[in-house]
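Right, one structure below, let's go through it.
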Amino acid sequence: MPGPGLYFLVWLGLIALTALTVIAAGAGLGAYGALTSVSIALAKSVLILMFFMHLKYEKTLIRALLFLPVITIAVIIGLTFFDIGYRY
Amino acid sequence: MNNENIIGHKTDYEGAKIGMWIFLFTEMVLFSGLFLLYSAYRSRYPEEFHSAASELNRFMGTFNTVILLTSSLTMALSINSIRTGRKGMSLLLQSLTSFMGLIFLVNKYIEWSAKISHGIYPDSPGLMKYGKGEIIFYGLYYLLTGIHGLHVLAGIVLIAVMIVLTNKDRVSSGRFVALENTGLYWHFVDIIWVFLFPLFYLIS
């Protein structure tokens, strides 16, 4: 299990990524703006999941279970966008 | 985590954590559905979403993000403290975590109040003068930040219960899965905000 030092580092990383996403939003990236902010949000989630939520240190079962909602959600999002992409 | 630490207690350490994760999966699906609704409408009304979002307080949103991320740090540290037998430190860190949760909710209250006093709330006469995309944006804003706020409130209550249990030594260095699961919930609520923040405050 990680110690306080690693937790502080992860927290620093999260704050840095927050600053980055605010700066990127002000930079006017246009169509890439949404992609950038979602990518940064995903990176922050991975940091929280792996270190604060200890997923990096968990047994294989819990880590493998995470694929269940992720795949389900990916399929739902994919099919919905397939639909609205051809609807309008 | 080895099993030596939990001998003598009728608890199933791994089972308790797996149960919590499965509950969090259902929460993920709940919020994903709402995010999907958001992205479907944003792709339909991109300009109106942008103009509506520019009226949100970006400073307040950033401040709240830092508050929640820091509360996640103190939550993780409180579990580390109880593992290593520092009860007082863990109690202090748990109190700090719930206090930051309260600050988050107070900020949310100030933000909502400002919007409501400007006549922007679901179905308000003021909001109905806006375009359809803006009406939908604010509908989603109140729905998503509202449901997220309820989760923060639930987290604060859970941590308050943990403070009582830790004080009574029912959460201790030998048995802390309840506090760990509370932490999982709190970090999950933090992750939801990590997505809410750029999607509502940072589009312009």
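Only a predicted model underlies this, so the values are computations on that prediction, with no experimental measurement involved. Only this structure's heavy atoms are used, side chains among them; waters, hydrogens and symmetry mates stay out. Below, chains carry the letters A, B, ... as their sequence lines are ordered, and counting in each starts from 1.
Taken to the nearest 0.5 Å, the CE atom of M28(B) stands 5.0 Å off from the CG atom of L66(A). With rounding to the nearest 0.5 angstrom, the CD atom of E58(A) is 3.5 Å from the NZ atom of K17(B).
Y32(A) OH: 12 or fewer foreign heavy atoms inside a 6.0 Å radius. Heavy atoms from other residues, nucleotides or ligands lying under 6.0 Å from OH of Y45(B) number more than 12. Atom CE of M50(A) is surrounded by more than 12 heavy atoms from other residues, nucleotides or ligands within 6.0 Å.
When all heavy atoms are compared, the tightest approach of L36(B) to T80(A) is CD2-OG1, 3.3 Å. Smallest separation of non-hydrogen atoms from F52(A) and A76(B): CD2-CB, 3.9 Å. Looking at every heavy atom in both residues, K44(A) comes nearest to T65(B) through NZ-CG2, 3.9 Å.
Side-chain contact check for F25(B) versus L65(A): some heavy-atom pair is nearer than 4.5 Å. When side chains are defined from C-beta on, L61(A) does not count as touching E14(B), because their heavy atoms never get closer than 4.5 Å. Put simply, the side chain of V22(A) does not reach to within 4.5 Å of the side chain of Y201(B), judged on heavy atoms. Between I40(A) and V194(B) the shortest side-chain heavy-atom distance does not fall below 4.5 Å. Residues I76(A) and S32(B) have side chains not in contact (no heavy-atom distance under 4.5 Å, counting atoms from C-beta outward).
Interface remark: F188(B) contributes backbone and side-chain atoms alike to the contact with chain A (heavy atom separation under 4.5 Å). Residue S81(B) does not touch chain A at all, counting heavy-atom pairs closer than 4.5 Å. Proximity to chain B is absent for every atom of L17(A), based on heavy atoms less than 4.5 angstrom apart. Residue contact with chain A, scored on non-hydrogen atoms closer than 4.5 Å, involves the backbone and the side chain of S72(B) alike. There is no contact between T26(B) and chain A, counting heavy-atom distances below 4.5 Å.
The interface of residues 148-159 of chain B with chain A, defined by heavy-atom distances below 4.5 Å, is empty.
Most heavy-atom pairs under 4.5 Å with chain A, from the set T70(B), T84(B), L199(B), I22(B): that is T70(B). Taking V70(A), T72(A), L49(A) one by one and counting their heavy-atom pairs under 4.5 Å with chain B, the maximum is reached by L49(A).
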